[in-house]
Amino acid sequence: MNSTLSFTLNGMRREVAIDDPRITLLDLLRERLDLTGTKKGCDRGQCGACTVLLNGRRVNACLTLALSCDDAEVLTIEGLSEGDHLHPVQAAFIEHDGFQCGFCTPGQIMSAVGLIQEGQAGDDPERVREGMSGNLCRCGAYAGITAAVLEAQAQLHRQTQGEAA
Amino acid sequence: MNRFDYLRPASVAEAISAGRKPGSAYLAAGTNLLDLMKGGVARPALLIDITRLPGLDGIEVLPNGGMRVGALVRNSDLAYHPVFSKRHPAVAEALLSGASAQLRNAATVAGNLLQRTRCAYFYDTASACNKREPGAGCDARDGENHLHAVLGWSPECIATHPSDFCVPLVALDASVEIEGPTGSRVVPLDSFHRLPGSEPQLETVLSPGELVVALHLPASAAGYAAHSRYLKVRERTSYAFAVVSAAASLRLEGGVVSEARLALGGVALKPWRARAAEQVLAGRACDEAAFAEAAEVALADAKPSGDNAFKIELARRILVRALGLAAAGTPDRMPALPGSVFAQPEGLALHA
């Protein structure tokens, strides 16, 4: 079976031949398109290391069939910064030591970007922790991750207000 | 994962026509199905991707005052829908207590109803499981079974249904709209899932090709909005299935219960409506004694299927506590930890 997948990846229109319907979005990114920033942890939707934004919403790429992403917009960690200028969430993770080994970090950052866009957590750290519970960190950097999410969110809100003013 | 063919039908009729063939399976978000396929538990020959079918993603209030929710509505979209979450706050709370934000953004209404048990012996293809392979036996009976069923189980299967969403839904008389090769029908959610009996491989009343297209909540269900809660014990604070859960919805008149709607989760192979316990509460004052009596009645037929006698007492206590929370009133804002027994007063954190 041969199908062509047509989608927007990190702002670029892509056409990819899919020779096997079993390919997940995660394997497509890592094995076919050489975007290895998105990590494969459990490959079963339990750890969140593969989190990407699909049509603007955070999802587990390991549980998403590539073929089902036809016409979709996908944003991965590689598409987040503007050149050398880090996204505020990336900068806040560095500022607050939001990682140690770094393996879960791309998933944590993409999940945080999704959480901020969803706008349900507000500035309540308890709601941030609950909203980030789909991303495991075996180094236990959770305190720094929560602080980073809260600061990045505040900064993004300031930017938005600045643009509106 | 086995090899499979992939089909993306343009219409419900085309989907149903393909879905009648043996070995076919409908694919929505795939958050459960792909996991099962990776483990070799599900091995469909044909995946029918229904995510592009038109007309299955609406949330609407019907002229009769009920609500109709399309089968493909994502869990998070339903939980945060302004009208739905106001009318059915316990359903929204149950949705938000389940899985993770990533999974809720993908998983669909119908997929939640049709998710499979998380019994570890069902997932482990090296273990005997009557549900996976009829007649093979049940390794859970003499295995790690502290999380297994205490109501409605059979010697052939002691698994539980893992859904949070279905628990308040069954309490509120939700029904399932189904399209199939011979037309459409509506089935009460309480009759949708089967108990295991001697044929645990039969999980729902769906026939080959039948497709869930919508979920319905009757107008009466919104009458409980002021006093509705979902409460869930997990083995960790978040992102875990229920050990035991309860949905409690009350209509109160001057401190007296005029009507109660109760259901339990994590106790049986289907969401467990507790009708006799509802009757106990009707006309009673809203107090701990009435709640305890209702809980006794709700668990009257419970019996352990293994090392899980604790779940019976736990279910009683969770039901009493859910009733107390429902009587106190639905909070204005969704709790920071939805459905959690560890929820703190607004603004206080469980973790330092």
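Quick note on labels: first sequence line is chain A, next is B, and so on, each numbered from 1.
No other option in G39(B), A99(B), A106(B) has as many heavy-atom pairs under 4.5 Å with chain A as G39(B). For chain A, the option among L96(B), N2(B), L27(B) with the highest count of heavy-atom pairs below 4.5 Å is N2(B). Chosen from D71(A), V128(A), D43(A), T24(A), the residue pairing most often with chain B at heavy-atom distances under 4.5 Å is D43(A).
Looking at N105(B), the atoms closer than 4.5 Å to chain A (heavy atoms on both sides) sit in the backbone and in the side chain alike. Contact of S68(A) with chain B is made through backbone and side chain together, with heavy-atom distances under 4.5 Å. Neither the backbone nor the side chain of A143(A) comes within contact range of chain B; no heavy atom of the residue lies under 4.5 Å from a heavy atom of that chain. There is no contact between T146(A) and chain B, counting heavy-atom distances below 4.5 Å. Using a 4.5 Å cut-off between heavy atoms, S76(B) contacts chain A through its side chain alone, with no backbone atom that close. For chain B, the nearby part of E118(A) is the side chain; its heavy atoms alone come within less than 4.5 Å.
For the residue pair N135(A) and Q102(B), a side-chain donor N or O sits within less than 3.5 Å of a side-chain acceptor on the partner.
Using a cutoff of 4.0 Å between basic side-chain nitrogens and carboxylate oxygens, D77(B) and R57(A) are scored as salt-bridged. Using a 4.0 Å cut-off between charged side-chain N and carboxylate O, R127(A) and E130(A) make no salt bridge.
A donor-acceptor pair is defined here as one N or O able to donate and one able to accept, closer than 3.5 Å; such a pair exists between the side chain of R30(A) and the backbone of T36(A). Checked by atom type and distance alone, the side chain of R234(B) pairs as donor or acceptor with a backbone atom of S97(B) at under 3.5 Å.
A 4.5 Å side-chain heavy-atom check between N112(B) and Q115(B) finds at least one atom pair inside the cut-off.
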Exercise for review: Before giving the answer on side chain to side chain contact (heavy atoms under 4.5 Å, CB included), spell out for Y230(B) and L95(B) the whole-Å C-alpha distance, their side-chain angles and the decisive distance to 0.1 Å.
Suggested key: CA-CA 10 Å; Y230(B) 181 70; L95(B) 281 169; over 6 Å; no

